[in-house]
Protein chains: 2
Amino acid sequence: MNAALTLVGKGRHFASLGIREVTRQAGVVPTSFYRHFRNMDDLGLQLVDELGLVLRRMMREARENVLQADKLMDESVGIFISHVQANRSFFFFMAQGLAGESRAVQEGIRSELRFFASELANDLRRLRLADHLSDAELEMTCDLIVRTVAFSLTDLLGVSPDDDYQIDQIRKRTTRFLQLIFVGAAHWKSEGT
Amino acid sequence: MNAALTLVGKGRHFASLGIREVTRQAGVVPTSFYRHFRNMDDLGLQLVDELGLVLRRMMREARENVLQADKLMDESVGIFISHVQANRSFFFFMAQGLAGESRAVQEGIRSELRFFASELANDLRRLRLADHLSDAELEMTCDLIVRTVAFSLTDLLGVSPDDDYQIDQIRKRTTRFLQLIFVGAAHWKSEGT
DNA sequence: CACATTAGTGAACAACTGTACACAACGGTG
DNA sequence: CACCGTTGTGTACAGTTGTTCACTAATGTG
């Protein structure tokens, strides 16, 4: 699994990896592959599970560090970006998998994102930051937030990890996106639908 | 190019396609490939160009059909969805390419999206729907809109094209996302930044 | 320690891959 | 018609692929 991630981190697409290639990178003979996985899709599914752990760690850190509501977004986006930097290959895999070739992997990642969104909704409720929204409205908002951040991932993975300037641009842009969404959510009811 | 698109439309990932596979699908001998493309990346780049045309057609249709501002979003999302249905393979390619293996293709698609966002900004200006926003703010809003719709693409491609119920769900959700963003944009200034 | 399970090995296979080359059919222009 | 640039063909080759099988090394439990 590490070998596959390494290759993905080097710019290869998961869908184009072969068994021999992965085992070669792992420093192991091709046949060993079958001791652990039935095929590449299987490997992908197990990677999705590990990806879930990575996302949960990120969420926990965000929960612990976001104390005042006014810095919520700056902090969260910052934590997101630092986790992406620290687990670049995983996030490459995630970005690829969303439109990947294995339906199962695709569905797995999507379900991780849904879970993330619903956890986020819980947190916002808990912090009493969305009292005027119904459950459905809050869920929609969180869904949009997660999607927006997930799309920023594509930007983030497109620039070199050392390019601090570009990364900062992405952070600012993402933060403004979230602010815009929050403003929308804050005034949602007043518009009526 | 059609052969490659066909394979992608069948669920294959572009990154995993080989020259022989594509030429086989095209009903042509492998060596013929080199008469038209240097390698698969080259083919990808030319597909991006064609994708640009598809997007432009879609934009034109939206411009012609969106007459009253109040139905703007319903109409636009509807047009988007019908174009996706009509050019499913192209949009598969686009979704894949965003996190694809060829940096050039990636950049090409991203630039198509940027262009789309800036055209959208022009249109909104022209319709006098964003008079209270500065150019930069409008651009940000349109960027977010395009991203949101692009992400919905992933949802749309994940369900069967005949599953009218699910497609309708996606349309409604996407429309609400856009409404939320518009509400945010409408109240943006008043919040201050 | 002895034993059973798990992880890794090496050789082998047919099938497939990208690419090179010299050659043939085609289509339009003079 | 003759000519030439473009597209397509057939053959060839070395390298890679997924998967199989019988084998050995490592591991942890009684």
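Naming: A, B, ... by sequence-line order, numbering from 1 per chain. For clarity, every value in this text was computed on a predicted model and none was experimentally measured.
Note that CE of A:Met58 and OG of A:Ser76 are 9.0 Å apart. Values are rounded to the nearest 0.5 Å.
Put simply, CZ on A:Arg20 is 7 Å from C1' on D:dG18, counting in whole angstrom units. Rounded to whole Å, atom P of C:dT19 lies 12 Å from atom CZ of B:Arg38. Taking atom CZ of residue A:Phe37 and atom P of nucleotide C:dT6, one finds them 16 Å apart after rounding to whole Å. Atom CE in A:Met40 sits roughly 11 Å away from atom P in D:dT19 (whole-Å rounding). The interatomic distance linking B:Asp41 (CG) with C:dT19 (P) rounds to 11 Å, in whole Å. Rounded to whole Å, the distance from CZ on A:Arg24 to C1' on D:dG18 is 13 Å. What separates CD of A:Glu21 from P of D:dG18 is a distance of 8 Å, to the nearest Å.
Of the side-chain N and O atoms in A:Ser32, one or more sit less than 4.0 angstrom from OP1 or OP2 of C:dT9. An OP1 or OP2 oxygen of C:dA20 is reached within less than 4.0 angstrom by no side-chain nitrogen or oxygen of B:Tyr34.
Contact of A:Thr31 with C:dG10 (side chain to base): a donor-acceptor pair of N or O atoms is detected under 3.5 Å.
Tested against B:Phe14, the residues B:Phe90, B:Phe92, B:Phe93 include a single ring-ring contact (aromatic ring centres under 6.0 Å, His included) partner, B:Phe93.
Contacts of B:Val29 with the nucleic acid, taken as non-hydrogen atoms under 4.0 Å apart, include base atoms.
There is no side-chain donor-acceptor pair under 3.5 Å between B:Arg171 and B:Thr175.
Mapped onto DNA chain C by nearest heavy atom, B:Asn39 and A:His36 fall at different nucleotides, with A:His36 at the one closer to the 5' end. The residue among A:Pro30 and A:Arg35 whose nearest nucleotide of DNA chain D lies closer to the 5′ end is A:Pro30.
With respect to B:Arg63 and B:Glu119, a salt bridge is recorded, a charged nitrogen being found less than 4.0 Å from a carboxylate O.
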